[in-house]
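Before I ask anything, here is the structure I am working with.
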Amino acid sequence: MKTGQIRYGILFGMFAIVLMSFISISAQEFRGTIAGTVSDPQGAVVPAATVTVQNIETNVTATATTNEEGSFSFPLLLPGKYKVSATATNFKTSVREDIQLNIDDRLTLDFQLEIG
């Protein structure tokens, strides 16, 4: 191989490494997720429970309904402080306040609802 070809090969390799670095950096997610399960006092899951998240700083809210396994998920939430509540028919509302969601957090919040 000639010296010029080696030099271009090295430059191309360096360019490829830099390009891959930019691609991996841009793929990082800054939003977070709050997920969990809602159950009754005996530990049985509660399907069709209503779960609400509220960003305390922006007052933006989102609502989800638990699935057959009593699970809920709020992906792609902005970092900040949240209030999360869960309720279902014949149960008292359960509230968690001052939940801090940081960049790329995956928080699990399980609720056990009281009958009432």
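Values below: every heavy atom of this structure, side chains too, minus hydrogens, waters and symmetry copies.
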Point to revise | Criterion side-chain contact (heavy atoms from CB on, under 4.5 Å) on Phe30 and Asp104, from CA distance to verdict | key: CA-CA 5 Å; Phe30 69 93; Asp104 200 29; over 6 Å; no

Check your understanding: Any side-chain heavy-atom pair from Thr50 and Thr63 closer than 4.5 angstrom?
Key -> yes

Review point. Mind checking whether Val51 and Ile99 sit in one hydrophobic cluster, side chains of I, L, V, M, F, W, Y counted as touching below 4.5 Å?
Key: yes

Review point. Should we count CG of Asn102 as having more than 12 external heavy atoms under 6.0 Å?
Key: yes

**Study point:** Note, Val95 side chain near Val84 side chain (heavy atom, < 4.5 Å)
**Key:** no

Exercise for review: Give a yes or no answer on whether the side chain of Glu29 reaches the backbone of Arg31 with a donor-acceptor pair at less than 3.5 Å.
Suggested key: yes

Study note, to complete from the structure: Correct closest heavy-atom pair for Glu68 and Pro47 would be CA-CB, 4.0 Å

Check your understanding: How long is the gap from CZ on Phe111 to OG1 on Thr93, to the nearest 0.5 Å?
Key -> 10.5 Å

Exercise for review: Would you please test Val38 and Leu113 for side-chain contact (heavy atoms from CB on, under 4.5 Å) and show each step?
Suggested key: CA-CA 7 Å; Val38 178; Leu113 300 181; 3.6 Å; yes

Check your understanding: Out of curiosity, Tyr82 OH to Glu97 CD, how far, rounded to the nearest 0.5 Å?
Key -> 15.0 Å

Check your understanding: Once you round to the nearest 0.5 Å, how far does CD of Glu57 lie from CG of Asn55?
Key -> 5.5 Å

Review point. Between Asn59 and Gln54, is any side-chain donor less than 3.5 angstrom from a side-chain acceptor?
Key: yes

Review point. Is the backbone N or O of Glu69 less than 3.5 Å from a side-chain atom of Asn67, with the two atoms forming a donor-acceptor pair by type?
Key: yes

Review point. Can you name the side-chain hydrogen bond (donor to acceptor under 3.5 Å, both in side chains) partners of Glu114, sequence neighbours left out?
Key: none

Practice item. Could you check if a side-chain atom of Phe74 sits within less than 4.5 angstrom of a side-chain atom of Thr33, using non-hydrogen atoms only? Key: no

Review point. Below 4.5 Å, heavy atoms only, C-beta onward: do Thr65 and Phe72 meet side chain to side chain?
Key: no

Check your understanding: Just wondering, are more than 12 heavy atoms of other shown residues or ligands nearer than 6.0 Å to CG in Leu78?
Key -> yes

Exercise for review: Using the test side-chain hydrogen bond (donor to acceptor under 3.5 Å, both in side chains), find all partners of Asp110 that sit at least two apart in sequence or belong to another chain.
Suggested key: none

Point to revise | Heavy-atom donor-acceptor pair, Thr66 side chain to Val46 backbone, under 3.5 Å | key: yes

Point to revise | Approximate separation, where rounding is to 0.5 Å, of Asp105 CG and Ile103 CD1 | key: 9.0 Å

**Study point:** Minimum side-chain heavy-atom gap Ile115-Asp40 below 4.5 Å
**Key:** no

Exercise for review: Measure the shortest side-chain to side-chain distance between Pro79 and Leu101 over non-hydrogen atoms and say whether it is less than 4.5 angstrom.
Suggested key: no

Exercise for review: Kindly indicate whether the side chain of Lys83, heavy atoms from C-beta on, has any atom under 4.5 Å from the side chain of Arg96.
Suggested key: no

Check your understanding: Do Val45 and Leu109 belong together in a cluster built from hydrophobic side chains that touch within less than 4.5 Å?
Key -> no

